[in-house]
Participant: 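Handing you this structure, nothing more for now.
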Amino acid sequence: MLKKKIVFLLGPTGIGKSAVAISLAKKINAEIISCDSMQVYRKMNILTSKVSGEQRRKIKHHLLSSIDPSQEYNVAQYRQEALSICDKLFRKLKIPLFVGGTGLYYSTIVDGLFPAVPQDKLIRAKLEKQLKQKGNKYLYRRLSKLDADAAKKIHPNDARRIIRALEVYLKTGTRISELQKKRVGLDQQYEVNIFGLNSDRQILYNIINQRVDRMFALGLIGEVKRLLKCKLSQTAQCAIGIRELKGYFSGQYSLAEAKRLMQRNSRHYAKRQLTWFKKDKRIKWININKKVSPAQIATKLWKKLS
RNA sequence: GCCGAGAUAGCUCAGUGGUAGAGCGCGGCCCUGAAAAGGCCGGCGUGGGGGGUCCGAUUCCCUCUCUCGGCA
């Protein structure tokens, strides 16, 4: 029996995934599942460079603008929702086309998520308190005693991961390093095709800088002001542009500085994305240094699929 | 033309008679329930050109070139 097909389109921020995806989706009878930790949020349209409503009407986009910015969100929730959408699409004989740049979300779809516990507010609050009072060295030593294997993989300064590892152990009595071995990926049941879009660094950086300029021209300031009127979730707050503009609103620095910071942080983000994707040898890369239309790239991808 | 200041990492600059740092930028990497987050690592650079003093000069002296400021 022929395996069901799943397609991924990955790449750094600004590279032009969205337009290519829509074009490709039409050719292969696919619907798009966004793989982006920030575009899931409503009311963050300019900020996250979401595709327009008009384009969304042409091809159905899932997990895009699906939750309110006041809500917390995380990988586990994403994975569950995304996989359930996948099933629905298969039943409609459609191909799921995952598009986005959030490496972690992508990896939990393709390679699975090990069975763990959700975050526990109480345990976390306690650990955060200890972190503040006794420092990260203390927490790290504690982890070394409880789960030496996990500690070996985590840097002593990486408080976030130390806390998570401790949390899992304290809650379940099982070491996170044990749980991490239990992952189930997609490869067995599906035909997985993974594409990556990339270009020379300098070209990418120019695109990113220009994109930030365009955000301001489109009314970014108004959008962020509106967002800040409500209480944003910890996750939504992390979108590049929120922190940077807050500094400007509170008079810490000029608008030009806020823009500069947004551009820089976006460039750094793109670099981290590439580091994540580059080591995944399953990705087939398409370089788009020369000016080519999204449709042309989509055609290229379509040929590689059939 | 004269006077003064300067010429050191991609940028802004610090410092020293025994061949050099700091911030920013940039590059590389890690990553499993906050991931657009969080964390780690990385500086041999013809010290503007030439000459001199010295065991030794980026550091002192001379000269040339260039840049900036002031006076004409």
Side-chain angles (χ1 to χ4, degrees), chain A residues 11-14 34-41 44 46-50 67 69 71-81 100-121 123-124 127-128 131 136 139-140 150-168 171-172 175-185 200-202 204-205 208-209 211-212 215 224 232-245 257 260-280:
Chain A
T13 182
S34 168
C35 185
D36 189 303
S37 64
M38 290 302 155
Q39 293 194 356
V40 279
Y41 285 114
M44 295 180 23
I46 301 170
L47 192 66
T48 64
S49 298
K50 243 177 252 169
I67 55 173
Q71 301 286 302
E72 300 294 346
Y73 200 70
N74 62 51
V75 226
Q77 202 177 331
Y78 172 79
R79 177 177 142 87
Q80 198 198 335
E81 290 170 1
T102 300
L104 178 63
Y105 285 13
Y106 151 73
S107 112
T108 63
I109 297 294
V110 179
D111 294 323
L113 182 71
F114 66 78
V117 283
Q119 50 166 282
D120 182 298
K121 285 229 163 73
I123 293 177
R124 247 189 218 202
L127 292 169
E128 298 276 1
L131 175 69
N136 47 20
L139 284 187
Y140 187 74
K152 237 185 284 167
K153 280 177 60 185
I154 301 172
H155 190 277
N157 289 346
D158 200 345
R160 198 99 112 203
R161 293 204 166 74
I162 296 171
I163 286 178
R164 173 63 183 156
L166 283 170
E167 175 185 57
V168 169
K171 186 99 191 265
T172 64
R175 296 185 182 91
I176 196 170
S177 56
E178 281 306 312
L179 293 171
Q180 280 170 341
K181 292 170 188 160
K182 298 176 190 161
R183 291 181 81 175
V184 184
D200 286 353
R201 196 58 57 86
Q202 202 46 58
L204 213 211
Y205 283 0
I208 288 171
N209 292 340
R211 184 145 98 150
V212 172
M215 285 182 194
V224 174
L232 292 177
S233 67
Q234 199 177 27
T235 10
Q237 254 175 48
C238 289
I240 292 173
I242 303 269
R243 204 192 301 164
E244 292 83 349
L245 280 174
E257 176 65 3
R260 206 204 103 236
L261 290 172
M262 272 185 73
Q263 290 172 325
R264 183 197 63 186
N265 294 341
S266 300
R267 292 194 300 270
H268 288 175
Y269 167 50
K271 208 183 127 27
R272 267 179 279 131
Q273 288 177 298
L274 285 168
T275 298
W276 182 290
F277 292 136
K278 266 189 310 194
K279 70 175 176 191
D280 190 327

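Letters go in sequence order (proteins before strands), and every chain restarts at 1.
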Participant: Tell which nucleotide pairs with B:C54, taking only Watson-Crick or G-U wobble pairs whose two distances are both under 3.5 angstrom.
Facilitator: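 Partner of B:C54: none found under 3.5 Å.
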Participant: Using the C1' atoms only, state how far B:C55 lies from B:C2, rounded to an integer number of Å.
Facilitator: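 The same atom, C1', in both gives a distance of 41 Å.
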Participant: Could you work out the separation of B:C24 and B:A20 based on their P atoms and round it to a whole Å?
Facilitator: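 Between the two P atoms, the distance is 23 Å.
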Participant: Just name whichever nucleotide pairs with B:G48, Watson-Crick or G-U, keeping both distances under 3.5 Å, else none.
Facilitator: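 Partner of B:G48: B:C64.
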Participant: Say we look at B:G45 and B:G21: how far apart would their C1' atoms be, to the nearest angstrom?
Facilitator: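 It works out to 11 Å between them.
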Participant: Please report the distance separating the C1' of B:U65 from the corresponding atom of B:G50, rounded so that it comes out in whole Å.
Facilitator: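 Approximately 11 Å lies between the C1' atom of B:U65 and that of B:G50.
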Participant: Is the charged tip of A:Lys278 near the ring of A:Trp276: under 6.0 Å from the six-membered ring centre and within 45° of its axis?
Facilitator: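 Verdict for A:Trp276: no cation-pi partner in A:Lys278.
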Participant: Let me know the distance between CG of A:Asp120 and P of B:G33, rounded to the nearest Å.
Facilitator: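 It is 14 Å, rounded to the nearest whole Å.
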Participant: Looking at the base of B:G38, is there any donor atom on it, or on the side chain of A:Arg161, that sits under 3.5 Å from an acceptor on the other one?
Facilitator: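 Between B:G38 and A:Arg161, which were checked side chain against base, a qualifying N/O pair under 3.5 Å is present.
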Participant: Scan nucleotides 24-26 of chain B against the protein and return all N/O pairs shorter than 3.5 Å with their distances rounded to 0.1 Å.
Facilitator:
from: B:G25; atom 1: OP1; to: A:Arg264; atom 2: NE; distance (Å): 3.0
from: B:G25; atom 1: OP1; to: A:Arg264; atom 2: NH1; distance (Å): 2.3
from: B:C26; atom 1: OP1; to: A:Arg267; atom 2: NE; distance (Å): 2.5
from: B:C26; atom 1: OP1; to: A:Arg267; atom 2: NH2; distance (Å): 3.0
from: B:C26; atom 1: OP2; to: A:His268; atom 2: NE2; distance (Å): 2.7

Participant: With a non-hydrogen cut-off below 4.0 angstrom, is A:Asp36 in contact with a base, only sugar-phosphate, or nothing?
Facilitator: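 Here A:Asp36 touches the bases of the nucleic acid.
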Participant: Pick the C1' atom in B:U19 and in B:A9, then give their distance to the nearest Å.
Facilitator: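 My reading of the C1' atoms in B:U19 and B:A9 gives 15 Å.
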Participant: When you get a sec, tell me which of B:G28, B:C31, B:A35 is the closest nucleotide to the side chain of A:Lys278?
Facilitator: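 It is B:G28.
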Participant: If we take the P atom in both B:C29 and B:G10, what is their distance in whole Å?
Facilitator: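 One P to the other, the span is 22 Å.
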Participant: Please report the distance separating the C1' of B:G43 from the corresponding atom of B:C11, rounded so that it comes out in whole Å.
Facilitator: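 Per the computed distance, 14 Å lies between those C1' atoms.
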Participant: The side chain of A:Ala76 lies closest to which of these nucleotides: B:A35, B:G33, B:C40?
Facilitator: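 Side chain of A:Ala76 sits closest to B:G33.
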Participant: I want to verify a distance call: between B:C31, B:G33, B:C40, whose nearest atom is closest to the A:His155 side chain?
Facilitator: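 So the side chain of A:His155 is nearest to B:C40.
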Participant: Give none if B:C11 has no partner; otherwise give the nucleotide forming a Watson-Crick or G-U wobble pair with it, both distances under 3.5 Å.
Facilitator: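 Pairing partner, where one exists within any strand: B:G23.
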Participant: Using only side-chain N and O atoms of A:Arg243, determine if any of them is under 4.0 Å from OP1 or OP2 of B:G38.
Facilitator: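 For B:G38, OP1/OP2 do have a side-chain N/O of A:Arg243 under 4.0 Å.
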Participant: With rounding to the closest Å, how many angstrom separate the P atoms on B:C54 and B:C61?
Facilitator: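 Nearest-Å result for B:C54 against B:C61 at atom P: 16 Å.
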Participant: Does B:G69 have a Watson-Crick or wobble partner in any strand here, with both distances under 3.5 angstrom, and which is it?
Facilitator: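 Per the H-bond distance test, B:C3.
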Participant: Counting Watson-Crick and G-U wobble pairs only, both distances under 3.5 Å, name the nucleotide matched with B:G38, or none.
Facilitator: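 Partner of B:G38: B:C30.
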Participant: Write down the distance between CG (A:Asp280) and C1' (B:C29), rounded to a whole number of angstrom.
Facilitator: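 After rounding, the reported distance stands at 16 Å.
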Participant: Looking at B:A35, I'd like to know if its phosphate oxygens (OP1 or OP2) sit under 4.0 Å from a side-chain N or O belonging to A:Arg272.
Facilitator: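 It does not, given that no N or O in the side chain of A:Arg272 lies less than 4.0 Å from OP1 or OP2 of B:A35.
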